[in-house]
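First comes the structure, then the notes that go with it.
If you're wondering where the values come from, they're calculated on a predicted model, not measured in any experiment.
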Amino acid sequence: MQLKKHVWRTLLAMSLLVVLALAGCSSESGGEEGSSSNNNEGSEDSEEASSNSGEDNTLVFGRGADSQQLDPSKVTDGESIYVTQQIYDTLVQYKQEGTEVEPSLAKKWTISDDGKTYTFKLREDVKFHDGTDFTAEDVVYNFERWTESGDFIYYGYMFGASEDDMGGIIEKVEATGDYEVKFTLEKPNAPFLSTLAMPPFAIASPDAIKEHGENYFKNPVGTGPFKFESWTQGDKIELSKNEEYFGKKADVDKVVFRVIPDNGARFMELQSGSIDMMKGLNPQDLGTAEDNQDLQILRRPSMNVGYMAMNTDKEGPMSNEKVRKAINLAIDKDNLIKLFEGLGKNAKNPLPPSIWGYNDSIDPYGYDPEKAKTLLAEAGYGDGVDITLYTMSNPRPYMPQPKVTAQAIQQMLKEVNVNVEIVENEWESHLTKTQNGEHDMAFLGWTGDNGDPDNFLYVLLDKDNAKKGSAGNIAFYKNDKVHDLLTKAQTEMDQQKRTEYYKEAQKIIHEDAPWVPIAHTTPPVVAKEYIEGYVPHPTGSEAFNHVKLK
């Protein structure tokens, strides 16, 4: 049974009406509700941050949500990382157009034959923004800090830290000279070097951390191409050029990240010239942007997945494999992907096709509502079932219209007697609630951090990361066979063997159906025609020191 045509037309019309309604509204940012952490000037400064075709050499970037905080080691959201990547550096970094690793704070390194010891030679000409010198002891301090508590979420995700072993696979980090640091691992870790390039493992100033204590998250100090200036929460973050940067010095003097929650309103501001660049374009605005000679569209390479997780650990229907398979079969993805209007392709696996290890031999569930009804009856839910679907209100790179997408799924599942209550949350609240496992089903997504399958499959679907309060695995899916495959792949240095492990893990995950994989997208960044040097990175964020206002 197909989704009824009048219902589908209604859903598409709803998304268009939102944009048309906004055209009659003020284009001011919705930052009036935010509280300032560093000043009390609020949104009255918006005119100062407005674009002037580059005349004041300030880059104004519009986005849909604010950062959660500016300590990158404590966050998993892209809005925070987008800003912190301007402020901090990592030991190694990714090349401008891919995930190959190159020097950054470390100028060279050696790896022992057994793959357990990494020795880094550090640059000797680097200062933190607070004027203190960068040395090997600062690297040691940061890594030891990340083992102090479970607050440093990514450390746990990537290095296998737990309450019983806060260091995870890293046995020891030691300064073997003023500008030399050595990492000793308890076992080889194939993605280790690529992991060190991830923004959460950026090196912060120990003096600033000690000075600001619990408030460090809003007073960040790194070594990067831009310095933090101010944060009016809910409105804007302002950065200034680091004149003493050791690498490529920024071509702009100032960067302002403005929060404009609605995609349509943000696009209107770009067209009017009050911002220079934006992300989070409504799919239906793509054609308008393409036809505007004053704009350019820069598509980010696809290394992401948008999905609907089903809480397998929650008592009730989602714990039943037949129900989860039925929900997969009841969703018409060919129709659903039309909401992405050319910005996305159907997903069948949690791993995107752009990542090595992708298993293309897996057959998608397809659209079969009659079979879905049969499975629901076999599971004891033939008379119907009530469930909740948590969705974020903010657009995300992997899901540009979350509410409309949720409504489409709601209508599709209604056809098989699954009654869905949509619960819409602001971004930060959505992350908290899903990490705590409050949902039956929930939208979320992931943009790859390091180009390695481990960063998707282990982080998002391993039992190690199904801990309430900090879950990366919000399906709370736990399969021992999958766990064995993923952990073996971490210690195997032969990529061909790792590929075999990952392909087998994807087969099992597909059969257990903890997710409905929805889409892999090529998120557009739209910029004024005078922007030069911006190269969208597949990891979802990039430093702006190469950007020029011509």
Side-chain angles (χ1 to χ4, degrees), residues 28-51 56 58-89 128-130 151-153 199-200 202-205 207-242 245 250 252-261 266 269 274-280 394 426-429 431-432 540-545 547:
E28 291 179 358
S29 168
E32 294 176 358
E33 297 178 3
S35 60
S36 170
S37 61
N38 288 280
N39 62 63
N40 57 10
E41 295 172 341
S43 59
E44 294 177 359
D45 281 346
S46 293
E47 290 187 11
E48 294 180 19
S50 295
S51 163
D56 62 356
T58 295
L59 175 66
V60 185
F61 192 95
R63 56 192 186 142
D66 202 356
S67 301
Q68 286 194 58
Q69 58 166 292
L70 299 179
D71 180 350
S73 61
K74 288 189 174 184
V75 294
T76 63
D77 71 298
E79 299 298 358
S80 296
I81 296 299
Y82 226 89
V83 178
T84 63
Q85 193 154 354
Q86 319 306 323
I87 300 169
Y88 297 92
D89 292 300
F128 289 104
H129 299 156
D130 57 10
D151 292 342
F152 303 99
I153 298 174
I203 304 302
S205 164
D207 285 6
I209 292 170
K210 294 169 187 174
E211 177 185 352
H212 295 290
E214 292 182 357
N215 289 319
Y216 178 72
F217 76 93
K218 54 184 178 181
N219 294 281
V221 178
T223 61
F226 293 95
K227 298 180 179 182
F228 172 75
E229 293 294 338
S230 66
W231 184 6
T232 306
Q233 291 182 328
D235 183 10
K236 64 182 178 180
I237 293 173
E238 297 181 316
L239 311 178
S240 64
K241 177 180 180 178
N242 177 10
Y245 188 53
V252 297
D253 296 326
K254 189 176 178 181
V255 176
V256 179
F257 289 91
R258 279 192 55 204
V259 178
I260 308 168
R266 195 178 324 116
E269 291 217 33
S274 59
I275 61 177
D276 302 298
M277 300 175 67
M278 64 165 279
K279 60 177 184 156
N394 309 85
E426 292 298 322
W427 178 234
E428 187 170 353
S429 174
L431 291 177
T432 299
S541 62
E542 51 283 312
F544 288 175
N545 52 326
V547 179

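- Within the 4.5 Å cutoff, the side chain of Glu211 has no heavy atoms near those of the Asn219 side chain.
- Looking at every heavy atom in both residues, Ser205 comes nearest to Tyr216 through N-OH, 4.4 Å.
- Taken from CG in Asp253 to OG1 in Thr58, the straight-line distance is 7.0 Å, to the nearest 0.5 Å.
- Looking only at distances, a side-chain donor or acceptor of Ser274 sits under 3.5 Å from a matching main-chain atom of Glu269.
- Note that the CZ atom of Phe217 and the OG atom of Ser80 stand 10.5 Å from one another [nearest 0.5 Å].
- The two residues Leu239 and Phe228 come nearest to each other via the heavy atoms CD2-CA, 3.7 Å.
- From Glu79, atom CD reaches atom CD of Gln69 across 14.5 Å, with rounding to the nearest 0.5 Å.
- Applying the ring pair (Phe, Tyr, Trp, His ring centres under 6.0 Å) criterion to Phe128, with sequence neighbours excluded, gives no partner residue.
- Between Tyr88 and Ala202 the shortest heavy-atom distance is CB-CB, 3.3 Å.
- Listed for the His129 side chain is no donor-acceptor partner under 3.5 Å among the backbone atoms of Pro220.
- Here the straight-line distance linking atom NZ of Lys254 with atom CG of Leu59 works out to 12.0 Å at 0.5 Å rounding.
- Pro225 and Asn545 get closest at one heavy-atom pair: CB-CB, 3.7 Å.
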Apply side-chain contact (heavy atoms from CB on, under 4.5 Å) to Met278 and Ile260, showing your working. CA-CA 10 Å; Met278 64 165 279; Ile260 308 168; over 6 Å; no
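- Although no hydrogens or angles enter the test, the distance criterion places no donor-acceptor pair under 3.5 Å between the side chain of Asn242 and the main chain of Lys227.
- With sequence neighbours left out, Phe61 forms a ring pair (Phe, Tyr, Trp, His ring centres under 6.0 Å) with Tyr82, Phe257, Phe544.
- At least one donor-acceptor pair under 3.5 Å links the side chain of Arg266 to the backbone N or O of Gly280.
- At distances below 3.5 Å, at least one donor-acceptor pair connects side-chain atoms of Asn394 with backbone N or O atoms of Trp427.
- The minimum heavy-atom distance between Ile275 and Gly62, with the atom names listed, is CD1-CA, 4.1 Å.
- Between atom NZ of residue Lys74 and atom OG1 of residue Thr76 there is a gap of 14.0 Å, rounded to the nearest 0.5 Å.
- In this structure a side-chain-to-backbone donor-acceptor pair under 3.5 Å is present from Gln86 to Glu542.
- With rounding to the nearest 0.5 angstrom, the CG atom of Asp130 is 10.5 Å from the OG1 atom of Thr223.
- Contact check for Leu70 versus Ile237: side-chain heavy atoms found under the 4.5 Å cut-off.
- In this structure Asp66 satisfies the salt bridge (Lys or Arg N to Asp or Glu O under 4.0 Å) test together with Arg63, sequence neighbours excluded.
- Shortest non-hydrogen contact noted between Ala250 and Phe226 is CB-CZ, 3.4 Å.
- At a cut-off of 3.5 Å, with distance as the only test, a side-chain donor of Ser240 or Glu229 sits close to an acceptor on the other residue.
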